[in-house]
Number of protein chains: 2
Amino acid sequence: MKHDRPKISDVARLAGVSTATVSRALSAPERVSEETRAAVQQAVEATGYRLNLAARNLRHRRTGGIVALVPNLANPFFSQILSGIASVLGPAGYNLLIADTRTADAQTLLDYAEPSRADGLIILDGTLPATALQGRVPVVEACEWVPGLPAPRVKIDNRAAAGLAIGHLADLGHRRIGHVAGPRGNVLTEARLSGTAEALAARGLPFPEEHLYPGDFSLDSGREAARIWLDQPAATRPTALFLASDAMACGFIGEVQRHGLRVPGDLSVVGFDDIELVAHISPPLTTIRQPRTEIGRAAAERMLACLKGETREADTVLPVELILRASTGPAPA
Amino acid sequence: MKHDRPKISDVARLAGVSTATVSRALSAPERVSEETRAAVQQAVEATGYRLNLAARNLRHRRTGGIVALVPNLANPFFSQILSGIASVLGPAGYNLLIADTRTADAQTLLDYAEPSRADGLIILDGTLPATALQGRVPVVEACEWVPGLPAPRVKIDNRAAAGLAIGHLADLGHRRIGHVAGPRGNVLTEARLSGTAEALAARGLPFPEEHLYPGDFSLDSGREAARIWLDQPAATRPTALFLASDAMACGFIGEVQRHGLRVPGDLSVVGFDDIELVAHISPPLTTIRQPRTEIGRAAAERMLACLKGETREADTVLPVELILRASTGPAPA
DNA sequence: ACCGATTATGTAATCGGTTACATAAACGAT
DNA sequence: ATCGTTTATGTAACCGATTACATAATCGGT
């Protein structure tokens, strides 16, 4: 009985060749003779031999793994991006490690940037310290990005996306349009906020301070924003809102409906992300679609290119789309 | 200039000791003298030495990684479980590899069960082939499970959960209660379905074939079930439905609302999972809460216990809870 | 029949740590 | 002063593959 796992030398002995030949037979079959190949093949099957990856990786000075650093694994938005990443990395022979940047401490995250732990890093969190990630393994940033970190980025045009949303609401006749922003300091928040401000200005529409509501992308913060809005005088508060995330839009809509107001009769709402569920809530949400799976795919492909030594500087910018549903309507008379 | 990464022998030379001493100074400080420890520490800092994990793992015959096999990474339900897993594994010094069982082919999945790739396997997909996963690395099953695979399981009492849902609807006076099931063959589907049938029988309520609607947990399948329900004669179709997932419940409700019917006025609905969004849709969904983060945590802890050699046979069964919201009401008169 | 080129295979170093075992020094007890 | 014990450190084998280099065999050409 063989209690231990067979190693390459066991196969070699059984096949009557050297370990070097076995190694070649397995990883470069064209370099050994027909008969040897068959003998090795047979010995592999007889012993049930399976390659030890740790050994190969040590020799090759690579790990075969890519780490994704996610701000919040529980957030469906990110999981869909991860899904895109996984769909590219898997077939390419890499495996995907995932670390939640909230639950892991700084030292652990630093360790992930070690070449002996991962061959590359895909960053989905713009709040990480740039310096700590410098000069270790190749880095690709997706969605969010760390200002000052020179790495290929895969993103969407957040500014233009805000323009789409505001344009749509303005076209419906809304004159008082508000915005619920993401967390302060987040690069996406800033891009969407300034895009909103620009688009409103370009149309000569006002954007007073009290029409900008704080948020943090979460459902609860959307509900909180709704409470503020509900407390404002109906005559001056916005008749339409553009929110920086679908989650916030859901919270917002839920809260105003609870107070007996109707969407879009009393208030039009545009979200951001187009997460799956919002097509099925009532009313179905008008929103900006981010191609999440595609973002993940593109980031993974970018990473693979880096690992092959290709260095393309330019960012990958993926298109967004305004999805028209039933949460927006003409401004009340 | 040091182009190469420093290795342990570089540190040893600089500190004037052997590599063995350096190794001990770093991983078992109490086994070296005070002075040596300081000298090594200094040499480590001077060289910028960082441990090569591949080398250590080869020697230790472990990988430091746990693989989670997920049926669908894009599904928020699973991402929250993963989040729970990550929160336990990270602090314990393990990293989390994730593979999507849909995008990966069979051979790749088999590779994940290799001891040289991962120290353990957490399975969230009950449709995997049991035999392929046997006898390689420790396995823990969470949520779903593979019939016939002898491994510790972390799950909820699906049968009892169905009883809670049916009991609630029956208490509201509903006499015709239907069920939208998950995909055929899924262990969860079967447990929830038989729990439903039992609970109905226990109350003397009928459960004719046409009150059982096929589904596959997805939003679309919920909408499809709604279409079937809408086509049935109002006098005999169910006045209340228990659906095996929240996603299906959303699809179902969205569709019946689109046809002008009211929830819960015309129809009461109970979902399953309590995903975050359903508290904010309209009407807020009455549902069975699964403690997802907790399931992930428990599975990870179970895995750590396995790796320490503890073998506890019994399954971990976590409690579910009926969350009362506004999608259920008294049966129409 | 001889020689350079090609092909197939073996030998042994290497990747970068860990650790069993050996050795030497220091210590306490008789 | 002697001996057993403990403590600190070094030597070298080992984890399990890959691969540069060496060697032997085969082949085609003259």
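Note that the structure is predicted; figures quoted are calculated from it, not measured.
Between B:Asn52 atom CG and D:dA17 atom P the separation is 17 Å, expressed in whole Å. Counting to the nearest Å, the C1' atom of C:dG16 and the CZ atom of B:Arg5 are 12 Å from each other. B:Leu58 has its CG atom 14 Å from the C1' atom of C:dT19, to the nearest Å. One atom, CZ of B:Arg31, and another, C1' of D:dG10, lie 13 Å apart when rounded to the nearest Å. Atoms OH (B:Tyr49) and C1' (C:dT18) sit 10 Å apart, rounded to a whole Å. Between B:His60 atom NE2 and C:dG17 atom P the separation is 12 Å, expressed in whole Å.
Side chain A:Arg59 to base C:dG16: no donor-acceptor pair is found below 3.5 Å.
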Checklist entry - Yes or no on side-chain contact (heavy atoms from CB on, under 4.5 Å) for B:Ser79 and A:Asn75, after CA distance, side-chain angles and deciding distance? => result CA-CA 7 Å; B:Ser79 63; A:Asn75 185 328; over 6 Å; no
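Within 4.0 Å of B:Thr21, counting heavy atoms only, lie sugar-phosphate atoms of the nucleic acid but no base atom. Residue contacts for B:Arg50: at a heavy-atom cut-off of 4.0 Å it reaches the sugar-phosphate backbone alone, with no base atom in range. Base engagement by A:Ser18 is indicated by at least one non-hydrogen atom pair under 4.0 Å involving a base atom. The residue B:Leu53 sits apart from the nucleic acid: no heavy atom pair falls under 4.0 Å. If you check every strand for non-hydrogen atoms under 4.0 Å, B:Val17 touches sugar and phosphate atoms only.
Looking at A:Asp119 and A:Thr63, their side chains do bring a donor and an acceptor atom within 3.5 Å of each other.
The main-chain N or O of B:Val32 is found under 3.5 Å from a side-chain atom of B:Arg37 such that the two form a donor-acceptor pair.
D:dA1 is paired with C:dT30 under the criterion used here, namely a Watson-Crick or G-U wobble arrangement in which both key atom distances are under 3.5 Å. D:dG29 is paired with C:dC2 under the Watson-Crick or G-U wobble criterion, all donor-acceptor distances under 3.5 Å.
Applying the 4.0 Å criterion to OP1 and OP2 of C:dT9, one finds that A:Thr36 has a side-chain N or O inside that range. Contact between the side-chain N/O atoms of A:Arg61 and the OP1/OP2 oxygens of C:dC15 is not found at any separation under 4.0 Å.
The listed nucleotides are C:dT11, C:dT9, C:dT19; the one nearest the side chain of B:Ala20 is C:dT19. Distances were taken from every side-chain heavy atom of B:Lys7 (C-beta onward) to each of D:dA17, C:dG16, C:dT19; the shortest belongs to C:dG16.
Counting non-hydrogen atoms of neighbouring residues, nucleotides and ligands closer than 6.0 angstrom, the CZ atom of A:Arg31 reaches no more than 12 such neighbours.
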